[in-house]
Amino acid sequence: MSQALLDHLNPEQQRAVKKTGGPLLVLAGAGSGKTRVLTYKIAYLLEIGQANPYEILAVTFTNKAANEMKHRVETLLQVPVDSLWIGTFHAICARILRIEGKRIGFGSNFTIYDVDDQTRLIQQVMEGLNISTHNLKPRKVQYIISDNKNKMIGPEQYERMAADFTEQNISKIYYEYKKAMQQNAAFDFDDLLLKPLDIFTRYPDILEKYQKKFKHILVDEYQDTNKAQYHLIRQLSASHRNVCVVGDEDQSIYRWRGADIENILSFEKDYPDCEIVRLEQNYRSTQTILDAANALVARNKRRLGKNLWSKKPVGVKITSLYGDDEAHEALQVADIIKRELMSHQYSYNDVAVLYRTNAQSRALEDKLRRVNIPYSIVGGTRFYERKEIKDLLAYFRILVNPKDSIALRRVINFPTRGIGLTSQQTLERHAVTQNINLYQALIEVENIPELSKTRQQRVSDFVNKLEDFRQEVATSPAYQIAVEVVDTFRLKKQYTENMTLEDEGRLENINELLNSIANFTETHPEEPTLDKYLEDIALLTDIDRWDPNYDAVTLMTLHSAKGLEFPVVIIVGLEDGLFPLFRTFNNDDDLEEERRLFYVGMTRAQESLYLLWANQRRRFTAEDSGMSFRNMPSRFLTEIPDQYKEEPIVSRRQPGDRSFPGKEYDKVSTSTAQVAEDSLFKIGDWVKHGSFGKGQILGIETSGAGTKLTILFNQKELKKVIAEYANLQMVQS
DNA sequence: CAGACAAGGCTTTTT
DNA sequence: GCCTTGTCTG
């Protein structure tokens with residue numbers, strides 16, 4: 001049987017799988033089958049009796065990859081491997097924290113704070129410290145704190161390094177933030193990695209337990225590990241030293257969040273006795289795409305070097321196109337998709353459109369919707385970050401962890417129940433002076449004479465309901481509680497009263513969340529509790545929520561595309577300043593990372609690759625909102641040798657193609673009549689608006705902001721909207 | 001205290 | 001355009 005496993009692999013892959021003792025570095029180029037190697041290696045270790053499932057730790061980059069890998073191992077071996085430890089760094093750390101939490105004293109009911117929660121907490125901390133949020137934005141402080149955590153710099157060390165007044169303030173905030181997180185029994189994403197390390201240092205017996213347990217450790221995407229992750233692997237593998245890391249330095253794209261490419265570059269130094277296997281045969285792309293990508297990335301200095309080759313045919317050359325602006329670019333994308341689907345037997349989900357920034361998706365969405373090409377977006381405004389969803393989740397979070405004051409503040413007066421700002425401030429003051437948490441203050445509300453009897457009553461009504469649910473939360477299934485909470489606190493009522501289109505959307509989202517909880521309850525029969533559910537969704541990646549089988553074109557950032565492949569890949573926005581971004585021009589390391597990102601994008605393509613850039617693009621930046629930029633083509637385009645590219649197709653947009661007037665930023669031709677003539681919209685046209693519904697255009701005028709349309713909605717509401725923003729769809733009267 | 005309305009910032013990538 | 005924040009009124 002074990003030989004049968006190996007038969008599916010090429011000689012290098014076999015070598016990687018068969019090396020079962022000691023450190024192993026697998027340098028796996030794009031599309032060289034590294035997931036396959038990891039999967040087979042786990043299967044092989046189990047098959048030959050080198051390890052039991054619970055003695056293997058495998059770290060993947062997404063939860064989806066973890067589930068797929070586990071599933072494939074089970075298919076290969078025909079036995080379940082439930083006790084395997086496989087997941088993302090964050091998921092595995094959360095698991096360790098739950099197990100060890102009780103003993104360490106923080107309990108196992110902690111909450112995971114996302115960036116939004118963190119920022120709110122930082123804002124509170126700043127208010128408490130009397131530091132104005134005017135010049136120093138909480139969001140920026142959040143970023144700085146996270147950055148320092150990624151480098152394993154704590155508040156003490158940061159304080160010592162603080163050079164100026166602002167940094168001294170940040171250091172104060174950092175201290176208080178850390179304290180507040182503890183009081184809230186909350187961990188942020190960085191804590192999830194740092195806390196286990198902290199525990200290992202303070203409780204060596206716990207470290208020893210895991211060192212003994214994990215006889216074999218496998219890590220995927222090792223080039224994107226940060227300092228904390230590096231130390232975790234180092235410490236956990238110290239006893240058995242059977243550590244296999246797989247990665248590709250050319251695909252390291254997370255430097256900005258603390259990933260250190262040195263981790264993979266110096267693996268040999270860390271483990272002088274390590275074996276190195278290079279996987280250079282690519283099974284994904286045509287030779288043309290591969291050669292072009294190789295030539296591009298060869299310009300980078302900091303790499304171990306390899307040369308990918310493919311047995312696949314040479315294939316078609318890379319197509320590059322350029323057009324007028326983002327709307328025109330989107331039109332070209334739509335054309336490419338239609339053409340590819342017609343000339344090959346592709347379906348929509350064979351096509352991916354990749355971009356550097358999430359904001360670029362809007363123009364694409366607009367166009368694809370108009371021409372009826374189905375699409376699905378990965379990332380962007382995330383489902384779990386929507387207001388109505390966060391409100392609902394806040395209720396659940398309080399039930400699981402009443403110390404979570406961010407969640408409590410969020411819903412203490414939502415839906416409004418007569419506990420206004422003044423009452424809240426009184427409660428907070430009481431909490432601070434009595435040195436108790438906010439939830440406790442609500443429970444003891446009758447001890448707060450500053451609040452009138454009616455106010456006290458309102459508070460205790462609220463907190464008593466919560467207390468009732470808290471009795472249930474550990475035992476009842478998540479779905480049951482969720483439905484009861486929505487019912488008791490009338491969380492849908494807000495949105496059912498007027499039923500605008502926006503309300504409908506919010507209701508849909510709430511129902512979708514309830515469905516997902518129902519689904520969770522069914523698929524986790526052994527522990528269908530709310531706290532497990534909350535942890536699950538907190539650690540989801542964007543890709544985890546994406547369904548590759550749904551027949552739609554996929555729109556996502558280049559970062560999200562890592563690890564995926566599509567027959568047709570279209571990369572848009574290849575303009576100097578956007579990709580690569582302006583701010584990377586003066587820093588070689590940053591520029592090399594942008595180049596690697598482009599390399600990742602190119603190597604997603606199996607058959608055809610399209611590269612697009614637009615002459616002019618409207619961008620929102622901190623300095624200049626909504627201005628249009630003139631762009632030069634990306635320097636990366638010229639770094640691809642001509643022999644792999646078709647002559648660039650320069651197309652001027654035909655007047656009839658215009659989704660909106662193209663020249664209004666030129667400041668040359670802005671007379672109303674002319675723009676109105678150029679516009680896709682005419683007076684009298686019928687359009688549909690996302691929240692206002694159907695309406696008729698009564699007037700068109702131009703202003704500095706764009707084309708202003710006066711529209712009569714539902715025959716009664718007169719509104720002025722900016723055409724470029726309004727997300728309008730043309731409809732028949 | 002609640003709701004309506006205006007004003008201003010925003011977008012580099014994500015666990 | 002979106003979203004958050006601040007201000008005003010009943």
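Just so it is clear: chains get the letters A, B, ... in the order the sequence lines come, proteins before strands, and each one is counted from 1.
- Listed pair A:R362 / C:dG1 fails the phosphate criterion, with no side-chain N or O lying under 4.0 Å from OP1 or OP2.
- You won't find any donor-acceptor pair under 3.5 Å spanning the side chain of A:W256 and the base of B:dT12, going by distance alone.
- Distances from the side chain of A:A359 to the nucleotides B:dT12, B:dT11, B:dC1 place B:dT11 closest.
- Residue A:S560 places at least one side-chain N or O under 4.0 Å from the OP1 or OP2 atom of B:dT14.
- Residue A:Q123 has a polar side-chain atom (N or O) positioned under 4.0 Å from OP1 or OP2 of C:dT5.
- Between A:F636 and A:F598, the ring planes are parallel. Angles under 30° get that label, and only those over 60° would be called perpendicular.
- One interatomic measurement links the two molecules: NE2 of A:H559 to P of B:dT12, which rounds to 13 Å at whole-angstrom precision.
- In this structure, A:I571 atom CD1 and B:dT13 atom P are separated by 17 Å, rounded to whole Å.
- Atoms CG (A:N358) and C1' (B:dT11) sit 9 Å apart, rounded to a whole Å.
- Mapping A:R455 and A:L539 onto DNA chain B by nearest heavy atom places A:R455 closer to the 5' end of the strand.
- Using the six-membered ring where Trp is involved, A:Y254 and A:W256 have ring planes that are tilted, between 30° and 60° apart.
- Nucleic acid contact class of A:T584 (heavy atoms, under 4.0 Å, all strands): none.
- Ion pairing between A:D117 and A:K390 holds under the 4.0 Å rule for side-chain N and carboxylate O.
- Of the candidates B:dT15, B:dC1, B:dT13, the closest approach to any side-chain atom of A:T557 belongs to B:dT13.
- Electrostatic pairing of A:D461 and A:R458 does not count as a salt bridge here, judged by no charged N lying under 4.0 Å from a carboxylate O.
- In terms of phosphate contacts, A:N413 brings a side-chain nitrogen or oxygen within less than 4.0 Å of OP1 or OP2 of B:dA2.
- Among the candidates A:L574, A:V572, A:I571, A:V353, the single residue satisfying the side-chain contact (heavy atoms from CB on, under 4.5 Å) test with A:L612 is A:V572.
- If you measure from atom CG of A:N587 to atom P of B:dT13, you get 19 Å, rounded to the nearest angstrom.
- Neither side chain, A:E249 nor A:Q223, offers a donor N or O lying under 3.5 Å from an acceptor on the other.
- A:L421 comes within contact range of the sugar-phosphate backbone alone, with a heavy-atom separation under 4.0 Å but no base atom that close.
- Atom P of nucleotide B:dT15 and atom OH of A:Y254 are separated by 6 Å, given to the nearest angstrom.
- B:dT12 atom P lies 12 Å from atom CZ of A:F582, rounded to whole Å.
- Between A:Q223 atom CD and B:dT13 atom C1' the separation is 15 Å, expressed in whole Å.
- In this pair, A:F189 does not lay its aromatic ring on the base of B:dT14; centres under 5.5 Å and planes under 30 degrees do not both hold.
- Using a 4.0 Å heavy-atom distance criterion, A:D190 is classed as making no nucleic acid contact.
- With B:dA2, B:dT13, B:dT12 as the candidates, the nucleotide lying closest to the side chain of A:T416 is B:dA2.
- If you take CD1 of A:I122 and P of C:dT4, they are 17 Å apart, rounded to a whole angstrom.
- The residue among A:T62 and A:R417 whose nearest nucleotide of DNA chain B is located toward the 5' end is A:R417.
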